[in-house]
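These figures come from a predicted structure and were not determined experimentally.
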Amino acid sequence: MATTKNVTRLPSGRLKYRDETFAGYNKPKRSKKSSKKSVVLAKKGTEIKMVRFGDANMTIKKDQPGRRKNFRARHSCDTAKDKFTARYWSCKAW
């Protein structure tokens with residue numbers, strides 16, 4: 001598992017990890033790669049992990065209560081507690 005020692009802070013204040021820049025830890029952003037929609041540099045203590053999540057070909061329609069309720073039930077969002085999982089970040093986006 002990578003640690004915060006593997007991350008460099010740029011003069012602008014952004015974080016650089018594996019040739020990607022992030023605004024900070026635990027702050028999702030749009031992914032440059034076409035395989036996933038979003039990416040986040042998750043941090044627990046001194047451990048870090050880059051988590052990619054979301055289907056790049058689908059849109060989120062969380063403004064529709066029925067869709068939001070079904071998504072959250074389908075993914076058991078009430079029990080998503082681990083920041084190193086894509087489920088946690090998907091549920092947080094919904």
Side-chain angles (χ1 to χ4, degrees):
M1 186 70 54
T3 63
T4 53
K5 294 178 183 177
N6 302 95
V7 177
T8 56
R9 188 166 294 273
L10 300 174
S12 63
R14 297 179 63 82
L15 303 173
K16 185 170 184 176
Y17 178 70
R18 291 188 185 174
D19 296 329
E20 284 212 45
T21 59
F22 297 89
Y25 296 111
N26 301 324
K27 297 194 184 300
K29 70 170 193 165
R30 292 292 238 186
S31 180
K32 292 179 188 174
K33 297 187 177 187
S34 62
S35 62
K36 292 294 179 182
K37 182 178 281 194
S38 303
V39 63
V40 64
L41 188 61
K43 178 182 175 189
K44 285 194 302 187
T46 60
E47 294 182 338
I48 60 164
K49 183 177 179 183
M50 189 163 46
V51 180
R52 296 184 187 280
F53 63 97
D55 189 343
N57 299 320
M58 295 183 78
T59 59
I60 293 178
K61 296 189 172 113
K62 64 181 178 180
D63 57 335
Q64 297 178 4
R67 288 185 184 217
R68 182 180 173 97
K69 183 179 176 183
N70 285 336
F71 178 89
R72 295 185 63 78
R74 190 168 58 245
H75 291 88
S76 302
C77 288
D78 297 341
T79 61
K81 304 289 182 207
D82 187 14
K83 288 183 181 180
F84 287 172
T85 61
R87 180 175 77 132
Y88 175 86
W89 293 105
S90 291
C91 288
K92 195 166 172 119
W94 272 79

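- Among all heavy-atom pairs drawn from Val39 and Ser31, the shortest one is CG1-CA, 4.1 Å.
- Although no hydrogens or angles enter the test, the distance criterion places a donor-acceptor pair under 3.5 Å between the side chain of Asn26 and the main chain of Lys43.
- With rounding to the nearest 0.5 Å, the separation of CG in Asn6 from CG in Leu15 is 12.5 Å.
- To the nearest 0.5 Å, atom CG of residue Asn57 and atom OG of residue Ser35 are 10.0 Å apart.
- Among pairs with a residue in residues 61-77, none fulfils salt bridge (charged side-chain N to carboxylate O under 4.0 Å, His left out), at least two apart in sequence or across chains.
- Its side chain outside the 4.5 Å cluster rule for every partner, Leu10 clusters with none of the Ile, Leu, Val, Met, Phe, Trp and Tyr residues.
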Please table the atom pairs, donor to acceptor, closer than 3.5 Å between any side-chain atom in residues 84-94 and protein atoms at least two apart or in another chain.
from: Thr85; atom 1: OG1; to: Asp82; atom 2: O; distance (Å): 2.8
from: Thr85; atom 1: OG1; to: Tyr88; atom 2: N; distance (Å): 3.4
from: Arg87; atom 1: NH1; to: His75; atom 2: O; distance (Å): 3.0
from: Arg87; atom 1: NH1; to: Ser76; atom 2: O; distance (Å): 3.1
from: Arg87; atom 1: NH1; to: Thr79; atom 2: OG1; distance (Å): 3.4
from: Arg87; atom 1: NH2; to: Thr79; atom 2: O; distance (Å): 3.4
from: Trp89; atom 1: NE1; to: Lys83; atom 2: O; distance (Å): 2.7
from: Ser90; atom 1: OG; to: Ala86; atom 2: O; distance (Å): 3.2

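- Identified under the ring-ring contact (aromatic ring centres under 6.0 Å, His included) test for residues 10-44, with sequence neighbours left out: none.
- Residue pairs meeting the salt bridge (charged side-chain N to carboxylate O under 4.0 Å, His left out) criterion with at least one partner in residues 20-37, sequence neighbours excluded, are Glu20-Lys29, Glu20-Arg52.
- Contact detail for Ile48 and Thr3: the closest heavy-atom pair is CD1-O, 3.5 Å.
- Note on residues 5-19: no pairs pass salt bridge (charged side-chain N to carboxylate O under 4.0 Å, His left out), not counting sequence neighbours.
- Both Met50 and Val7 sit in one connected hydrophobic cluster of ILVMFWY residues. Membership requires side-chain heavy atoms under 4.5 Å apart, directly or through other members.
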